[in-house]
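Okay, structure first, notes after.
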Protein chains: 2
Amino acid sequence: MEQRRADNIAEQLEELIFNGTFSNGDRLDEVRLAEQFGVSRTPLREAFQRLALSGLVELIPRRGAFVRQPGPVELMEMFEVMAELEAVCGRLAALRISDDALEELRDANAKCQAAVDNRDADTYYIENERFHMIIYQQSGNSFLAQEAAKLHKRLKPFRRQQLRFRGRMAQSMAEHELVVQALERGTADQAADTLRGHVAVQGEKFHQLMATLKSEAD
Amino acid sequence: MEQRRADNIAEQLEELIFNGTFSNGDRLDEVRLAEQFGVSRTPLREAFQRLALSGLVELIPRRGAFVRQPGPVELMEMFEVMAELEAVCGRLAALRISDDALEELRDANAKCQAAVDNRDADTYYIENERFHMIIYQQSGNSFLAQEAAKLHKRLKPFRRQQLRFRGRMAQSMAEHELVVQALERGTADQAADTLRGHVAVQGEKFHQLMATLKSEAD
DNA sequence: AACACTATTCTTGTATACAAAAATGTTGAC
DNA sequence: GTCAACATTTTTGTATACAAGAATAGTGTT
């Protein structure tokens with residue numbers, strides 16, 4: 001059989017939690033999941049440990065593993081941190097970004113724009129992600145890039161919902177343009193501020209996010 | 001026997017790695033550690049999963065768990081992120097801090113000063129930590145506070161070494177004073193910049209950090 | 001002596017077994 | 001009918017067993 005199942009299983013469970021197969025208070029039944037995955041409880045429990053540390057699951061002693069989705073407050077906090085991390089990445093990237101990476105950013109942006117024109121949300125989503133990942137990497141700090149990517153991934157499901165709202169993709173595109181300009185010019189503070197504003201949940205976005213939260217709690 | 005061993009064991013292993021019992025490339029022998037802790041391999045392996053996700057240990061399939069200390073580059077990266085996180089905490093705290101917390105900060109600072117006068121490095125260390133934790137919490141974002149505390153903990157061993165250098169404690173104290181002033185006045189950017197500079201590794205601190213790294217690689 | 005190849009030993013990864021705690025169901029008193 | 005006490009069943013946590021891959025030692029060849 002394939003080796004290193006534990007981490008693989010962790011990923012699959014993560015996916016199942018993200019896509020809503022398991023919702024907030026659900027207990028992850030060891031034996032049921034074990035036979036579902038076709039493995040024994042041992043690798044499953046190892047996966048639980050990982051999920052627990054990443055905060056997706058709460059391990060209650062002698063009780064089991066419960067999925068733990070962030071509530072409204074925690075979610076706002078996470079978005080605030082994401083906005084600040086993006087700002088930091090942007091500020092550093094403005095000083096350190098390579099010409100090649102700038103070209104990549106422009107390419108991602110062009111494909112984003114095309115996706116907006118075609119109303120192709122999936123492509124938009126993928127290219128948008130590439131855009132941000134490039135900025136993380138061009139911060140020149142791989143530890144920072146990793147942390148940013150980690151939180152980005154965790155917020156994925158909620159961001160995805162956000163894109164559904166009318167005009168959101170177009171506005172997001174305009175902001176991307178400003179970010180690229182700031183990075184081109186090397187104006188660090190401007191890059192930071194633009195990215196912070198781009199990611200931050202404020203104004204109408206706040207209501208939209210709360211709306212998606214409510215609709216998920218059914 | 002006590003329940004929930006896995007996380008407890010993870011903590012103990014973490015401590016053993018921090019205090020240098022295990023150094024960089026060491027393999028964590030499952031059977032040896034198991035009998036050392038008086039448990040079976042199962043809870044140990046669960047602990048490994050946690051340590052792996054927190055980055056202290058690298059899990060190589062079919063090879064085992066190897067302790068993974070950050071090298072000079074990664075360490076600089078981590079300090080850079082720490083500086084930025086502190087800056088963010090400071091900026092938010094400047095707007096959100098309570099009067100009580102300000103009083104706590106002044107108290108921690110006073111005790112720090114007393115420790116400097118008495119050349120009491122341990123007390124200095126404890127009160128210094130309290131100082132920073134208060135700022136994390138007063139950011140009003142508990143997710144941010146948690147992340148900051150996590151990284152703070154990870155950098156602990158290296159920061160501790162830093163304090164040994166001549167004049168470091170006194171300089172650090174002066175910077176703390178500036179931080180408190182900025183927080184009192186609510187000047188967010190000033191609080192952020194001061195804290196960033198306080199934590200950042202630059203100038204002489206860089207050489208000092210590298211010196212401690214070399215002395216540990218023996 | 002250096003190297004390739006094989007056999008042996010160790011170590012990991014996973015399944016299973018078992019004990020202890022929690023949850024559930026049942027009985028009986030009021 | 002409600003509740004409490006006890007018995008039964010689940011479920012977790014840990015130990016042990018076992019199979020397969022990796023490391024190591026040993027053998028023979030050049």
Side-chain angles (χ1 to χ4, degrees), chain A residues 1-18 20-70 217, chain B residues 1-18 20-70 217:
Chain A
M1 304 243 145
E2 336 89 78
Q3 69 221 34
R4 273 282 90 243
R5 254 145 162 182
D7 48 359
N8 207 31
I9 289 175
E11 267 179 53
Q12 292 185 58
L13 279 175
E14 206 174 285
E15 184 54 33
L16 288 177
I17 293 172
F18 277 162
T21 306
F22 299 108
S23 38
N24 195 26
D26 290 1
R27 187 174 67 91
L28 297 177
D29 189 315
E30 293 183 1
V31 294
R32 204 168 61 78
L33 286 169
E35 61 182 46
Q36 197 166 321
F37 281 112
V39 299
S40 78
R41 285 171 52 218
T42 313
L44 247 160
R45 287 177 54 87
E46 291 188 0
F48 285 175
Q49 297 291 332
R50 311 193 125 212
L51 295 176
L53 206 70
S54 74
L56 272 146
V57 148
E58 190 179 3
L59 251 41
I60 304 181
R62 284 277 173 207
R63 283 277 155 72
F66 297 83
V67 320
R68 170 129 183 63
Q69 300 279 28
Chain B
M1 299 245 148
E2 337 89 76
Q3 68 220 36
R4 277 270 102 238
R5 256 148 162 179
D7 48 359
N8 207 33
I9 287 175
E11 268 180 52
Q12 291 184 59
L13 279 176
E14 207 176 283
E15 184 52 35
L16 288 177
I17 293 172
F18 278 161
T21 306
F22 298 108
S23 38
N24 196 22
D26 290 1
R27 186 174 68 89
L28 296 177
D29 190 317
E30 292 183 2
V31 295
R32 205 169 60 78
L33 285 170
E35 60 183 46
Q36 198 166 319
F37 281 110
V39 297
S40 79
R41 284 171 52 219
T42 313
L44 246 158
R45 287 177 55 88
E46 291 190 0
F48 284 176
Q49 296 292 332
R50 311 192 125 214
L51 295 176
L53 206 71
S54 75
L56 273 147
V57 147
E58 190 177 4
L59 250 42
I60 304 180
R62 283 275 171 210
R63 283 276 155 72
F66 297 84
V67 319
R68 170 128 184 65
Q69 299 280 29

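Chain A is the first sequence line, chain B the second, and so forth, proteins listed ahead of strands; every chain is numbered from 1. Values reported hereafter were calculated over all heavy atoms of this structure, with side chains retained and with hydrogens, waters and symmetry mates removed.
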Closest to the [X] side chain: [options]?
X     : options                : answer
B:P43 : D:dG13, D:dA22, D:dA15 : D:dA15
A:R45 : D:dT11, C:dG13, D:dT14 : D:dT14
B:D29 : C:dA15, C:dT11, D:dA15 : C:dT11

Taking only N and O in the side chain of [X], is any of them less than 4.0 Å away from OP1 or OP2 of [N]?
X     : N      : result
B:S40 : D:dT14 : no
A:R63 : C:dA21 : no
B:R41 : D:dA15 : no

Measure from [atom1] on [X] to [atom2] on [N] and round the result to the nearest Å.
X     : N      : atom1 : atom2 : answer
A:L44 : D:dG13 : CG    : P     : 13 Å
A:E35 : C:dT16 : CD    : P     : 12 Å
A:E46 : D:dG13 : CD    : P     : 14 Å
A:R62 : D:dT11 : CZ    : P     : 14 Å
B:L59 : C:dT11 : CG    : C1'   : 14 Å

CG of A:L13 to CZ of A:F37: how many Å apart, nearest 0.5 Å?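 Between atom CG of A:L13 and atom CZ of A:F37 there are 4.5 Å.
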Using a heavy-atom cut-off of under 4.0 Å over every strand shown, decide if B:R32 touches base, sugar-phosphate, or nothing.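 Here B:R32 touches no strand at all.
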Side-chain donor/acceptor of A:N24 to backbone N/O of A:Q69, under 3.5 Å: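 Yes, the answer is positive, given that a donor and an acceptor are paired below the 3.5 Å cut-off.
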DNA chain C: A:T42 or B:E30, which has the more 5' nearest nucleotide?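 Nearest nucleotide further toward 5': that of B:E30.
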Testing B:R45, B:Q49, B:R68 one by one against B:L59 for a side-chain contact (heavy atoms from CB on, under 4.5 Å), which residue passes?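 The residue from B:R45, B:Q49, B:R68 that satisfies side-chain contact (heavy atoms from CB on, under 4.5 Å) with B:L59 turns out to be B:Q49.
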For a 4.5 angstrom cut-off between non-hydrogen side-chain atoms, does B:V67 reach B:L16?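 They are not in side-chain contact.
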